[in-house]
2 protein chains.
Amino acid sequence: MPAPSSVAAAEQTSRDKILDAAEGLFAKRGYAAIGLRELAEVVGLGKSSLFHHFRTKAQLYAAVTARILVRIEARLVRSLAAGGDPLVRLERWLDDLVDLLAENPTYARVLLRSLFEDDDLPGDLPEEIEGRRAIGDMMAAVGGLLREGMGAGLFRAVHVNHFLLTLVGVTVFPFASGEFGAEVLGKDLFDPTEVRRRKREVRALLRSGLVARASR
Amino acid sequence: MPAPSSVAAAEQTSRDKILDAAEGLFAKRGYAAIGLRELAEVVGLGKSSLFHHFRTKAQLYAAVTARILVRIEARLVRSLAAGGDPLVRLERWLDDLVDLLAENPTYARVLLRSLFEDDDLPGDLPEEIEGRRAIGDMMAAVGGLLREGMGAGLFRAVHVNHFLLTLVGVTVFPFASGEFGAEVLGKDLFDPTEVRRRKREVRALLRSGLVARASR
DNA sequence: AGTGCTCCCGACCGATCGGTCGGTCGCGGA
DNA sequence: TCCGCGACCGACCGATCGGTCGGGAGCACT
(Lines give C-alpha, C1' and ligand atoms only; values in the text may rest on other atoms or scores of the structure.)
Protein backbone atom coordinates (compact mmCIF):
# COMPACT_ATOMS: atom_id res chain seq x y z
CA MET A 1 0.00 0.00 0.00
CA PRO A 2 1.39 3.45 -0.92
CA ALA A 3 1.58 5.82 2.02
CA PRO A 4 -2.01 6.75 2.94
CA SER A 5 -2.58 9.91 0.95
CA SER A 6 -2.61 13.02 3.07
CA VAL A 7 -5.00 14.49 0.51
CA ALA A 8 -7.53 12.06 1.94
CA ALA A 9 -9.82 9.79 -0.09
CA ALA A 10 -9.36 10.41 -3.83
CA GLU A 11 -6.89 7.55 -3.75
CA GLN A 12 -8.71 4.29 -3.19
CA THR A 13 -7.44 0.77 -3.09
CA SER A 14 -8.75 -1.59 -5.73
CA ARG A 15 -10.45 -3.58 -3.04
CA ASP A 16 -12.47 -0.56 -1.96
CA LYS A 17 -13.29 0.37 -5.52
CA ILE A 18 -14.63 -3.12 -6.04
CA LEU A 19 -16.70 -2.94 -2.87
CA ASP A 20 -18.14 0.44 -3.81
CA ALA A 21 -19.05 -0.58 -7.32
CA ALA A 22 -20.50 -3.89 -6.15
CA GLU A 23 -22.55 -2.09 -3.52
CA GLY A 24 -24.16 0.10 -6.15
CA LEU A 25 -24.86 -2.73 -8.56
CA PHE A 26 -26.15 -5.20 -5.98
CA ALA A 27 -28.37 -2.51 -4.49
CA LYS A 28 -29.95 -1.69 -7.81
CA ARG A 29 -30.38 -5.10 -9.35
CA GLY A 30 -29.65 -7.75 -6.75
CA TYR A 31 -27.14 -10.50 -6.31
CA ALA A 32 -28.13 -12.93 -9.02
CA ALA A 33 -28.62 -10.28 -11.70
CA ILE A 34 -25.09 -8.91 -11.49
CA GLY A 35 -22.40 -10.67 -13.47
CA LEU A 36 -18.79 -10.42 -12.46
CA ARG A 37 -17.83 -9.32 -15.96
CA GLU A 38 -20.10 -6.32 -15.65
CA LEU A 39 -18.80 -5.50 -12.21
CA ALA A 40 -15.18 -5.78 -13.34
CA GLU A 41 -15.83 -3.42 -16.22
CA VAL A 42 -17.42 -0.84 -13.93
CA VAL A 43 -14.45 -1.04 -11.60
CA GLY A 44 -12.02 -0.88 -14.47
CA LEU A 45 -10.30 -4.18 -13.81
CA GLY A 46 -10.14 -7.53 -15.52
CA LYS A 47 -12.63 -10.04 -14.25
CA SER A 48 -9.98 -12.38 -12.93
CA SER A 49 -8.59 -9.61 -10.76
CA LEU A 50 -11.75 -9.67 -8.71
CA PHE A 51 -10.79 -13.12 -7.53
CA HIS A 52 -7.51 -11.77 -6.30
CA HIS A 53 -9.42 -9.72 -3.70
CA PHE A 54 -12.41 -11.99 -3.02
CA ARG A 55 -12.48 -15.75 -3.21
CA THR A 56 -15.98 -16.09 -4.63
CA LYS A 57 -18.89 -13.93 -5.71
CA ALA A 58 -20.80 -14.91 -2.57
CA GLN A 59 -17.83 -13.83 -0.48
CA LEU A 60 -17.78 -10.46 -2.19
CA TYR A 61 -21.50 -10.05 -1.60
CA ALA A 62 -21.09 -10.90 2.05
CA ALA A 63 -18.30 -8.34 2.34
CA VAL A 64 -20.49 -5.66 0.76
CA THR A 65 -23.44 -6.24 3.04
CA ALA A 66 -21.33 -6.72 6.16
CA ARG A 67 -19.55 -3.45 5.55
CA ILE A 68 -22.86 -1.61 5.40
CA LEU A 69 -24.39 -3.37 8.37
CA VAL A 70 -21.36 -2.67 10.53
CA ARG A 71 -21.27 0.98 9.45
CA ILE A 72 -24.93 1.38 10.32
CA GLU A 73 -24.43 -0.19 13.69
CA ALA A 74 -21.32 1.87 14.41
CA ARG A 75 -23.10 5.14 13.79
CA LEU A 76 -26.43 4.30 15.37
CA VAL A 77 -25.19 2.68 18.52
CA ARG A 78 -23.47 5.98 19.27
CA SER A 79 -26.71 7.90 18.92
CA LEU A 80 -28.42 5.42 21.19
CA ALA A 81 -25.71 5.75 23.81
CA ALA A 82 -25.95 9.53 24.06
CA GLY A 83 -28.02 10.93 26.88
CA GLY A 84 -31.64 11.93 27.31
CA ASP A 85 -34.87 10.26 28.30
CA PRO A 86 -36.07 7.27 26.25
CA LEU A 87 -38.23 9.38 23.94
CA VAL A 88 -35.38 11.75 23.17
CA ARG A 89 -33.01 8.88 22.52
CA LEU A 90 -35.49 7.01 20.37
CA GLU A 91 -36.22 10.07 18.28
CA ARG A 92 -32.54 10.80 17.88
CA TRP A 93 -31.97 7.21 16.80
CA LEU A 94 -34.73 7.46 14.18
CA ASP A 95 -33.46 10.82 12.96
CA ASP A 96 -29.96 9.46 12.56
CA LEU A 97 -31.20 6.34 10.86
CA VAL A 98 -33.18 8.37 8.35
CA ASP A 99 -30.20 10.65 7.76
CA LEU A 100 -27.97 7.67 7.23
CA LEU A 101 -30.33 6.09 4.73
CA ALA A 102 -30.85 9.39 2.94
CA GLU A 103 -27.15 10.13 2.65
CA ASN A 104 -26.37 6.65 1.35
CA PRO A 105 -29.02 5.71 -1.20
CA THR A 106 -27.69 2.20 -1.55
CA TYR A 107 -28.07 1.28 2.10
CA ALA A 108 -31.80 0.74 2.34
CA ARG A 109 -31.85 -1.48 -0.70
CA VAL A 110 -28.90 -3.54 0.37
CA LEU A 111 -30.41 -3.89 3.81
CA LEU A 112 -33.72 -5.17 2.54
CA ARG A 113 -32.11 -7.35 -0.07
CA SER A 114 -29.93 -8.89 2.58
CA LEU A 115 -33.11 -9.82 4.43
CA PHE A 116 -34.71 -11.27 1.33
CA GLU A 117 -31.79 -13.13 -0.05
CA ASP A 118 -30.38 -14.66 3.05
CA ASP A 119 -32.50 -17.76 2.69
CA ASP A 120 -30.80 -18.11 -0.59
CA LEU A 121 -27.07 -17.76 -0.53
CA PRO A 122 -24.59 -20.45 0.40
CA GLY A 123 -24.57 -20.45 4.14
CA ASP A 124 -22.70 -18.59 6.74
CA LEU A 125 -19.51 -16.85 5.81
CA PRO A 126 -17.88 -15.10 8.77
CA GLU A 127 -18.67 -11.58 7.53
CA GLU A 128 -22.28 -12.53 7.12
CA ILE A 129 -22.47 -13.59 10.74
CA GLU A 130 -20.73 -10.41 11.85
CA GLY A 131 -23.27 -8.34 9.93
CA ARG A 132 -26.17 -10.14 11.51
CA ARG A 133 -24.70 -9.70 14.95
CA ALA A 134 -24.31 -5.96 14.38
CA ILE A 135 -27.94 -5.49 13.41
CA GLY A 136 -29.20 -7.88 16.03
CA ASP A 137 -27.35 -6.07 18.76
CA MET A 138 -28.74 -2.76 17.63
CA MET A 139 -32.30 -4.01 17.49
CA ALA A 140 -31.93 -5.45 20.96
CA ALA A 141 -30.67 -2.09 22.23
CA VAL A 142 -33.67 -0.27 20.75
CA GLY A 143 -35.92 -2.88 22.26
CA GLY A 144 -34.37 -2.15 25.65
CA LEU A 145 -35.01 1.51 25.09
CA LEU A 146 -38.67 0.85 24.44
CA ARG A 147 -38.94 -1.23 27.58
CA GLU A 148 -37.22 1.48 29.55
CA GLY A 149 -39.67 4.07 28.28
CA MET A 150 -42.61 1.86 29.12
CA GLY A 151 -41.25 1.20 32.57
CA ALA A 152 -40.97 4.94 33.17
CA GLY A 153 -44.57 5.46 32.07
CA LEU A 154 -43.38 7.52 29.15
CA PHE A 155 -44.62 5.14 26.50
CA ARG A 156 -47.88 3.30 26.23
CA ALA A 157 -47.78 -0.48 26.54
CA VAL A 158 -46.58 -1.58 23.13
CA HIS A 159 -45.66 -5.07 22.02
CA VAL A 160 -41.94 -4.40 21.85
CA ASN A 161 -40.98 -6.77 19.07
CA HIS A 162 -43.85 -5.79 16.82
CA PHE A 163 -43.01 -2.18 17.42
CA LEU A 164 -39.44 -2.78 16.34
CA LEU A 165 -40.68 -4.15 13.05
CA THR A 166 -42.87 -1.09 12.71
CA LEU A 167 -39.95 1.24 13.25
CA VAL A 168 -37.87 -0.51 10.62
CA GLY A 169 -40.76 -0.52 8.20
CA VAL A 170 -41.39 3.16 8.68
CA THR A 171 -37.78 4.17 8.12
CA VAL A 172 -36.10 1.66 5.88
CA PHE A 173 -38.89 0.77 3.52
CA PRO A 174 -39.49 4.21 2.00
CA PHE A 175 -35.84 4.65 1.11
CA ALA A 176 -35.80 1.27 -0.55
CA SER A 177 -39.03 1.73 -2.46
CA GLY A 178 -37.44 3.33 -5.49
CA GLU A 179 -39.73 4.45 -8.26
CA PHE A 180 -42.82 3.49 -6.30
CA GLY A 181 -41.90 5.79 -3.47
CA ALA A 182 -41.05 8.60 -5.84
CA GLU A 183 -44.36 8.13 -7.60
CA VAL A 184 -46.41 8.13 -4.43
CA LEU A 185 -44.50 11.10 -3.15
CA GLY A 186 -44.42 13.02 -6.40
CA LYS A 187 -40.86 13.97 -5.55
CA ASP A 188 -37.49 12.41 -4.98
CA LEU A 189 -37.45 10.95 -1.50
CA PHE A 190 -33.75 11.67 -1.16
CA ASP A 191 -34.27 15.39 -1.61
CA PRO A 192 -33.29 17.16 1.63
CA THR A 193 -36.68 18.78 2.17
CA GLU A 194 -38.43 15.43 1.72
CA VAL A 195 -36.03 13.85 4.18
CA ARG A 196 -36.90 16.55 6.66
CA ARG A 197 -40.60 15.98 6.08
CA ARG A 198 -40.14 12.26 6.55
CA LYS A 199 -38.44 12.75 9.91
CA ARG A 200 -41.15 15.13 11.02
CA GLU A 201 -43.88 12.66 10.09
CA VAL A 202 -42.19 9.79 11.88
CA ARG A 203 -41.80 11.88 15.01
CA ALA A 204 -45.37 13.07 14.86
CA LEU A 205 -46.55 9.50 14.46
CA LEU A 206 -44.76 8.50 17.63
CA ARG A 207 -46.00 11.50 19.56
CA SER A 208 -49.64 11.42 18.66
CA GLY A 209 -50.47 8.82 16.03
CA LEU A 210 -52.90 9.82 13.35
CA VAL A 211 -56.04 10.67 15.24
CA ALA A 212 -56.50 14.30 16.25
CA ARG A 213 -56.37 15.01 19.98
CA ALA A 214 -59.70 16.78 20.12
CA SER A 215 -61.61 13.86 18.65
CA ARG A 216 -61.24 11.51 21.57
CA MET B 1 -60.54 -26.69 -21.96
CA PRO B 2 -62.28 -29.70 -20.39
CA ALA B 3 -65.59 -28.84 -18.76
CA PRO B 4 -64.82 -26.78 -15.64
CA SER B 5 -64.70 -29.31 -12.85
CA SER B 6 -67.75 -29.20 -10.62
CA VAL B 7 -65.53 -30.46 -7.81
CA ALA B 8 -64.02 -26.98 -7.83
CA ALA B 9 -60.29 -26.23 -7.78
CA ALA B 10 -58.31 -29.48 -7.42
CA GLU B 11 -58.17 -29.47 -11.19
CA GLN B 12 -55.95 -26.65 -12.34
CA THR B 13 -54.95 -25.65 -15.80
CA SER B 14 -51.25 -25.89 -16.60
CA ARG B 15 -51.16 -22.15 -16.97
CA ASP B 16 -52.34 -21.68 -13.40
CA LYS B 17 -49.96 -24.30 -12.11
CA ILE B 18 -47.11 -22.44 -13.78
CA LEU B 19 -48.23 -19.13 -12.32
CA ASP B 20 -48.55 -20.60 -8.84
CA ALA B 21 -45.15 -22.26 -8.89
CA ALA B 22 -43.49 -19.19 -10.39
CA GLU B 23 -45.08 -17.01 -7.73
CA GLY B 24 -43.56 -19.09 -4.99
CA LEU B 25 -40.13 -19.26 -6.55
CA PHE B 26 -39.93 -15.61 -7.56
CA ALA B 27 -41.10 -14.56 -4.11
CA LYS B 28 -38.44 -16.58 -2.37
CA ARG B 29 -35.43 -15.99 -4.58
CA GLY B 30 -36.22 -13.27 -7.08
CA TYR B 31 -36.49 -13.02 -10.82
CA ALA B 32 -32.88 -13.44 -11.88
CA ALA B 33 -32.15 -16.32 -9.54
CA ILE B 34 -34.89 -18.58 -10.91
CA GLY B 35 -34.10 -20.62 -13.98
CA LEU B 36 -36.85 -21.85 -16.24
CA ARG B 37 -35.55 -25.39 -16.00
CA GLU B 38 -36.08 -25.35 -12.26
CA LEU B 39 -39.52 -23.83 -12.60
CA ALA B 40 -40.54 -26.39 -15.21
CA GLU B 41 -39.44 -29.22 -12.98
CA VAL B 42 -41.46 -27.87 -10.04
CA VAL B 43 -44.52 -27.58 -12.24
CA GLY B 44 -43.94 -31.01 -13.71
CA LEU B 45 -43.64 -29.96 -17.32
CA GLY B 46 -40.88 -29.79 -19.88
CA LYS B 47 -39.13 -26.47 -20.06
CA SER B 48 -40.26 -25.78 -23.60
CA SER B 49 -43.86 -26.15 -22.54
CA LEU B 50 -43.55 -23.00 -20.49
CA PHE B 51 -43.12 -21.09 -23.72
CA HIS B 52 -46.41 -22.43 -24.95
CA HIS B 53 -48.15 -20.45 -22.21
CA PHE B 54 -45.84 -17.43 -21.89
CA ARG B 55 -43.78 -15.89 -24.63
CA THR B 56 -40.76 -15.00 -22.49
CA LYS B 57 -39.57 -15.25 -18.92
CA ALA B 58 -40.16 -11.53 -18.44
CA GLN B 59 -43.71 -11.98 -19.67
CA LEU B 60 -44.30 -14.75 -17.15
CA TYR B 61 -42.91 -12.61 -14.37
CA ALA B 62 -45.15 -9.75 -15.35
CA ALA B 63 -48.14 -12.09 -15.34
CA VAL B 64 -47.26 -13.33 -11.85
CA THR B 65 -46.95 -9.87 -10.36
CA ALA B 66 -49.92 -8.44 -12.20
CA ARG B 67 -52.12 -11.26 -10.95
CA ILE B 68 -51.18 -10.48 -7.39
CA LEU B 69 -51.48 -6.72 -7.72
CA VAL B 70 -54.90 -6.99 -9.30
CA ARG B 71 -56.08 -9.44 -6.64
CA ILE B 72 -54.90 -7.10 -3.91
CA GLU B 73 -56.65 -4.18 -5.48
CA ALA B 74 -59.83 -6.15 -6.06
CA ARG B 75 -60.13 -7.13 -2.43
CA LEU B 76 -58.99 -3.88 -0.86
CA VAL B 77 -60.94 -1.47 -2.97
CA ARG B 78 -64.05 -3.25 -1.72
CA SER B 79 -63.05 -2.69 1.90
CA LEU B 80 -62.41 0.96 1.16
CA ALA B 81 -65.78 1.37 -0.49
CA ALA B 82 -67.73 0.02 2.47
CA GLY B 83 -69.25 2.56 4.83
CA GLY B 84 -68.08 4.27 7.96
CA ASP B 85 -66.17 7.39 8.87
CA PRO B 86 -62.64 7.80 7.52
CA LEU B 87 -60.99 6.28 10.57
CA VAL B 88 -63.20 3.21 10.46
CA ARG B 89 -62.59 2.78 6.76
CA LEU B 90 -58.85 3.28 7.09
CA GLU B 91 -58.61 0.76 9.89
CA ARG B 92 -60.68 -1.74 7.97
CA TRP B 93 -58.44 -1.26 4.98
CA LEU B 94 -55.35 -1.88 7.08
CA ASP B 95 -56.91 -4.92 8.73
CA ASP B 96 -57.84 -6.41 5.40
CA LEU B 97 -54.43 -5.65 3.96
CA VAL B 98 -52.73 -7.39 6.85
CA ASP B 99 -55.08 -10.36 6.55
CA LEU B 100 -54.40 -10.58 2.86
CA LEU B 101 -50.64 -10.54 3.35
CA ALA B 102 -50.84 -13.03 6.18
CA GLU B 103 -53.01 -15.47 4.25
CA ASN B 104 -50.77 -15.30 1.20
CA PRO B 105 -47.17 -15.42 2.34
CA THR B 106 -45.84 -14.82 -1.15
CA TYR B 107 -47.64 -11.53 -1.68
CA ALA B 108 -45.53 -9.19 0.41
CA ARG B 109 -42.32 -10.44 -1.11
CA VAL B 110 -43.58 -10.26 -4.65
CA LEU B 111 -44.90 -6.79 -3.97
CA LEU B 112 -41.62 -5.47 -2.66
CA ARG B 113 -39.62 -7.26 -5.29
CA SER B 114 -41.79 -5.74 -7.97
CA LEU B 115 -40.87 -2.35 -6.56
CA PHE B 116 -37.18 -3.17 -6.47
CA GLU B 117 -36.85 -4.87 -9.77
CA ASP B 118 -38.93 -2.64 -11.96
CA ASP B 119 -35.96 -0.46 -12.81
CA ASP B 120 -34.50 -3.59 -14.11
CA LEU B 121 -36.72 -5.59 -16.37
CA PRO B 122 -37.32 -4.98 -20.05
CA GLY B 123 -39.86 -2.23 -20.14
CA ASP B 124 -43.56 -2.10 -20.05
CA LEU B 125 -45.51 -5.16 -20.90
CA PRO B 126 -49.26 -4.61 -20.78
CA GLU B 127 -49.79 -6.68 -17.62
CA GLU B 128 -47.09 -4.70 -15.89
CA ILE B 129 -48.88 -1.47 -16.64
CA GLU B 130 -52.18 -2.94 -15.49
CA GLY B 131 -50.60 -3.98 -12.20
CA ARG B 132 -49.17 -0.53 -11.63
CA ARG B 133 -52.49 1.05 -12.37
CA ALA B 134 -54.23 -1.19 -9.85
CA ILE B 135 -51.88 -0.26 -7.06
CA GLY B 136 -51.72 3.38 -8.05
CA ASP B 137 -55.50 3.64 -8.00
CA MET B 138 -55.67 2.09 -4.59
CA MET B 139 -53.01 4.33 -3.13
CA ALA B 140 -54.82 7.33 -4.53
CA ALA B 141 -58.04 6.17 -2.92
CA VAL B 142 -56.39 5.81 0.47
CA GLY B 143 -54.85 9.23 0.02
CA GLY B 144 -58.32 10.60 -0.58
CA LEU B 145 -59.47 8.92 2.58
CA LEU B 146 -56.73 10.61 4.57
CA ARG B 147 -57.64 13.97 3.12
CA GLU B 148 -61.27 13.39 3.93
CA GLY B 149 -60.42 12.55 7.51
CA MET B 150 -58.28 15.65 7.83
CA GLY B 151 -61.00 17.80 6.35
CA ALA B 152 -63.45 16.46 8.90
CA GLY B 153 -61.05 17.26 11.73
CA LEU B 154 -60.78 13.58 12.53
CA PHE B 155 -57.11 13.28 11.67
CA ARG B 156 -54.25 15.57 12.52
CA ALA B 157 -52.57 17.40 9.64
CA VAL B 158 -50.38 14.75 8.09
CA HIS B 159 -48.35 14.97 4.93
CA VAL B 160 -50.58 12.65 2.94
CA ASN B 161 -48.01 11.15 0.60
CA HIS B 162 -45.46 10.51 3.31
CA PHE B 163 -48.15 8.95 5.41
CA LEU B 164 -49.05 6.60 2.59
CA LEU B 165 -45.47 5.39 2.50
CA THR B 166 -45.63 4.93 6.24
CA LEU B 167 -48.74 2.81 5.99
CA VAL B 168 -47.21 0.58 3.37
CA GLY B 169 -44.01 0.27 5.37
CA VAL B 170 -45.89 -0.68 8.50
CA THR B 171 -47.96 -3.37 6.84
CA VAL B 172 -46.08 -4.79 3.91
CA PHE B 173 -42.53 -4.72 5.18
CA PRO B 174 -42.94 -7.05 8.17
CA PHE B 175 -44.52 -9.76 6.08
CA ALA B 176 -41.70 -9.52 3.57
CA SER B 177 -38.94 -9.49 6.13
CA GLY B 178 -38.55 -13.24 6.32
CA GLU B 179 -36.03 -14.60 8.76
CA PHE B 180 -35.19 -11.17 10.08
CA GLY B 181 -38.79 -10.55 11.10
CA ALA B 182 -39.06 -13.96 12.66
CA GLU B 183 -35.86 -13.39 14.59
CA VAL B 184 -36.90 -9.98 15.89
CA LEU B 185 -40.30 -11.32 16.77
CA GLY B 186 -39.13 -14.60 18.21
CA LYS B 187 -42.10 -16.21 16.50
CA ASP B 188 -43.48 -16.84 13.07
CA LEU B 189 -45.11 -13.64 11.88
CA PHE B 190 -47.70 -15.58 9.92
CA ASP B 191 -49.00 -17.28 13.03
CA PRO B 192 -52.60 -16.16 13.61
CA THR B 193 -51.98 -14.75 17.06
CA GLU B 194 -49.04 -12.71 15.77
CA VAL B 195 -51.17 -11.43 12.92
CA ARG B 196 -53.77 -10.32 15.45
CA ARG B 197 -51.09 -8.62 17.51
CA ARG B 198 -49.75 -6.88 14.45
CA LYS B 199 -53.17 -5.48 13.58
CA ARG B 200 -53.67 -4.32 17.13
CA GLU B 201 -50.32 -2.51 17.17
CA VAL B 202 -50.98 -0.80 13.86
CA ARG B 203 -54.36 0.39 15.05
CA ALA B 204 -52.93 1.60 18.34
CA LEU B 205 -50.22 3.47 16.50
CA LEU B 206 -52.81 5.32 14.48
CA ARG B 207 -54.97 6.08 17.48
CA SER B 208 -52.37 7.30 19.90
CA GLY B 209 -48.83 6.93 18.60
CA LEU B 210 -46.23 5.74 21.04
CA VAL B 211 -46.24 8.39 23.73
CA ALA B 212 -48.52 7.79 26.69
CA ARG B 213 -51.44 10.19 27.05
CA ALA B 214 -50.53 11.24 30.56
CA SER B 215 -47.07 12.44 29.62
CA ARG B 216 -48.10 15.43 27.55
C1' DA C 1 -60.18 -40.86 -42.90
C1' DG C 2 -58.40 -36.67 -42.82
C1' DT C 3 -57.61 -31.93 -40.93
C1' DG C 4 -56.60 -28.73 -37.64
C1' DC C 5 -55.79 -27.34 -33.02
C1' DT C 6 -53.99 -27.39 -28.22
C1' DC C 7 -50.61 -29.11 -25.36
C1' DC C 8 -46.46 -30.95 -24.72
C1' DC C 9 -41.71 -32.72 -25.47
C1' DG C 10 -36.34 -33.56 -26.40
C1' DA C 11 -32.66 -31.78 -28.82
C1' DC C 12 -30.32 -28.08 -29.80
C1' DC C 13 -28.58 -22.95 -30.19
C1' DG C 14 -25.49 -18.96 -29.02
C1' DA C 15 -24.55 -16.39 -25.03
C1' DT C 16 -23.21 -15.83 -20.52
C1' DC C 17 -22.36 -17.61 -16.03
C1' DG C 18 -18.70 -18.22 -11.94
C1' DG C 19 -14.30 -19.74 -11.57
C1' DT C 20 -9.32 -21.48 -12.88
C1' DC C 21 -4.79 -21.19 -14.83
C1' DG C 22 -0.45 -19.65 -16.38
C1' DG C 23 1.85 -15.82 -16.90
C1' DT C 24 3.37 -10.63 -17.06
C1' DC C 25 4.63 -6.42 -14.82
C1' DG C 26 6.53 -3.29 -11.35
C1' DC C 27 8.31 -2.54 -6.96
C1' DG C 28 10.86 -3.11 -2.44
C1' DG C 29 14.49 -5.51 -0.07
C1' DA C 30 18.84 -8.12 0.03
C1' DT D 1 21.43 -7.67 -9.73
C1' DC D 2 18.26 -10.74 -8.80
C1' DC D 3 14.38 -12.41 -6.20
C1' DG D 4 9.91 -12.61 -4.16
C1' DC D 5 5.51 -10.98 -4.20
C1' DG D 6 1.23 -8.53 -4.71
C1' DA D 7 -1.59 -6.86 -8.42
C1' DC D 8 -3.30 -7.73 -12.58
C1' DC D 9 -4.60 -9.90 -17.03
C1' DG D 10 -6.38 -12.94 -21.28
C1' DA D 11 -7.65 -17.32 -22.46
C1' DC D 12 -10.10 -20.89 -21.32
C1' DC D 13 -13.34 -24.39 -18.68
C1' DG D 14 -17.77 -26.83 -17.84
C1' DA D 15 -22.25 -25.55 -16.67
C1' DT D 16 -26.31 -23.18 -17.23
C1' DC D 17 -28.89 -19.47 -19.13
C1' DG D 18 -33.30 -18.04 -22.10
C1' DG D 19 -35.17 -19.31 -26.22
C1' DT D 20 -36.07 -22.03 -30.84
C1' DC D 21 -37.44 -25.84 -33.63
C1' DG D 22 -39.66 -29.85 -35.45
C1' DG D 23 -42.47 -33.11 -34.27
C1' DG D 24 -45.75 -36.29 -31.61
C1' DA D 25 -50.13 -37.41 -28.88
C1' DG D 26 -54.85 -36.57 -28.09
C1' DC D 27 -59.20 -34.58 -29.31
C1' DA D 28 -63.00 -32.28 -32.09
C1' DC D 29 -65.17 -31.55 -36.24
C1' DT D 30 -66.19 -32.61 -40.97
Side-chain angles (χ1 to χ4, degrees), chain A residues 1-5 10-23 25-26 28-65 113 117 120-125 127-128, chain B residues 1-5 10-26 28-65 113 117-118 120-125 127-128:
Chain A
M1 185 192 342
S5 75
E11 199 165 332
Q12 250 188 131
T13 69
S14 282
R15 190 171 198 277
D16 287 335
K17 280 196 282 190
I18 293 171
L19 284 172
D20 289 344
E23 183 179 310
L25 289 172
F26 285 146
K28 201 171 301 175
R29 314 223 307 273
Y31 178 76
I34 298 301
L36 294 182
R37 284 161 180 80
E38 180 183 0
L39 170 61
E41 197 181 1
V42 169
V43 178
L45 287 178
K47 187 194 55 142
S48 20
S49 301
L50 302 181
F51 290 93
H52 180 72
H53 299 278
F54 303 93
R55 289 205 327 279
T56 65
K57 186 191 181 188
Q59 231 268 342
L60 166 61
Y61 182 74
V64 168
T65 62
R113 285 198 190 273
E117 288 171 349
D120 198 20
L121 299 178
D124 301 322
L125 305 153
E127 29 273 283
E128 217 172 63
Chain B
M1 188 192 341
S5 75
E11 199 167 331
Q12 251 187 134
T13 68
S14 282
R15 190 169 200 276
D16 287 335
K17 280 196 281 190
I18 293 171
L19 283 171
D20 289 345
E23 184 179 310
L25 290 172
F26 285 146
K28 200 172 301 174
R29 314 223 308 275
Y31 178 76
I34 298 302
L36 296 182
R37 283 162 180 80
E38 181 182 0
L39 170 61
E41 196 180 0
V42 169
V43 178
L45 287 178
K47 188 195 55 146
S48 20
S49 301
L50 302 181
F51 291 93
H52 180 73
H53 299 280
F54 303 94
R55 289 206 325 280
T56 66
K57 186 191 181 187
Q59 232 266 341
L60 165 61
Y61 181 74
V64 168
T65 63
R113 285 199 190 271
E117 289 171 348
D118 57 8
D120 201 18
L121 299 179
D124 301 321
L125 304 153
E127 30 271 283
E128 218 172 62

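Chain A is the first sequence line, chain B the second, and so forth, proteins listed ahead of strands; every chain is numbered from 1.
Among pairs with a residue in residues 36-53 of chain A, those fulfilling salt bridge (Lys or Arg N to Asp or Glu O under 4.0 Å) read Arg29(A)-Glu38(A), at least two apart in sequence or across chains. Within the structure, salt bridge (Lys or Arg N to Asp or Glu O under 4.0 Å) pairs that include any residue of residues 13-23 of chain B comprise Asp20(B)-Arg67(B), Glu23(B)-Arg67(B) (at least two apart or interchain).
The CG-P distance, from Leu50(B) to dC17(D), rounds to 12 Å in whole Å. The interatomic distance linking Phe54(A) (CZ) with dG18(C) (P) rounds to 15 Å, in whole Å. Atom CD in Gln12(A) sits about 16 Å away from atom C1' in dA7(D), given to the nearest Å. The distance from atom CZ of Arg55(A) to atom C1' of dT20(C) is 15 Å, rounded to the nearest whole Å. For the pair Phe26(B) CZ and dG18(D) P, the computed distance is 9 Å after rounding to whole Å. In this structure, CZ of Phe51(A) is placed 14 Å from P of dC9(D), rounded to the nearest angstrom. Per the geometry, CZ belonging to Arg29(A) stands 14 Å off C1' belonging to dT16(C), to the nearest Å. Rounded to an integer number of Å, the gap from Ile18(A) CD1 to dC8(D) C1' is 11 Å.
Taking only side-chain atoms of His52(B), from C-beta outward, the nucleotide of dG18(C), dG18(D), dT6(C) with the closest atom is dT6(C).
In this structure, Tyr31(B) and Lys57(B) have side chains that are in contact, with non-hydrogen atoms separated by less than 4.5 Å. Put simply, the side chain of Phe54(A) does not reach to within 4.5 Å of the side chain of Val64(A), judged on heavy atoms. The side-chain heavy atoms of Leu60(A) and Leu50(A), taken from C-beta on, include no pair separated by under 4.5 Å. At least one side-chain heavy atom of Phe51(A) sits less than 4.5 Å from a side-chain heavy atom of Leu36(A).
For Leu39(A) against Ala22(A), the heavy-atom pair with the smallest separation is CD1-N, 3.6 Å.
Not one side-chain nitrogen or oxygen of His53(B) sits closer than 4.0 Å to the OP1 or OP2 atom of dT6(C). Side-chain N/O atoms of Ser14(A) include one lying less than 4.0 angstrom from OP1 or OP2 on dC8(D).
Shown here are the side-chain contact (heavy atoms from CB on, under 4.5 Å) partners of Ala62(B), two or more places apart in sequence or in another chain: Leu125(B), Glu127(B). In terms of the side-chain contact (heavy atoms from CB on, under 4.5 Å) criterion, Ser48(A) has no residue partners (sequence neighbours excluded).
Within residues 37-49 of chain A, the residues approached by DNA chain C to less than 4.0 Å at the level of any non-hydrogen atom are Arg37(A), Lys47(A), Ser48(A), in residue-number order.
In this structure, the helix from dA1(C)-dT30(D) to dA30(C)-dT1(D) shows an angle of 10° between the axis at its start and the axis at its end, each fitted on 5 base pairs and rounded to 10°.
Within 4.0 Å (heavy atoms only), Leu60(B) reaches no atom of the nucleic acid at all.
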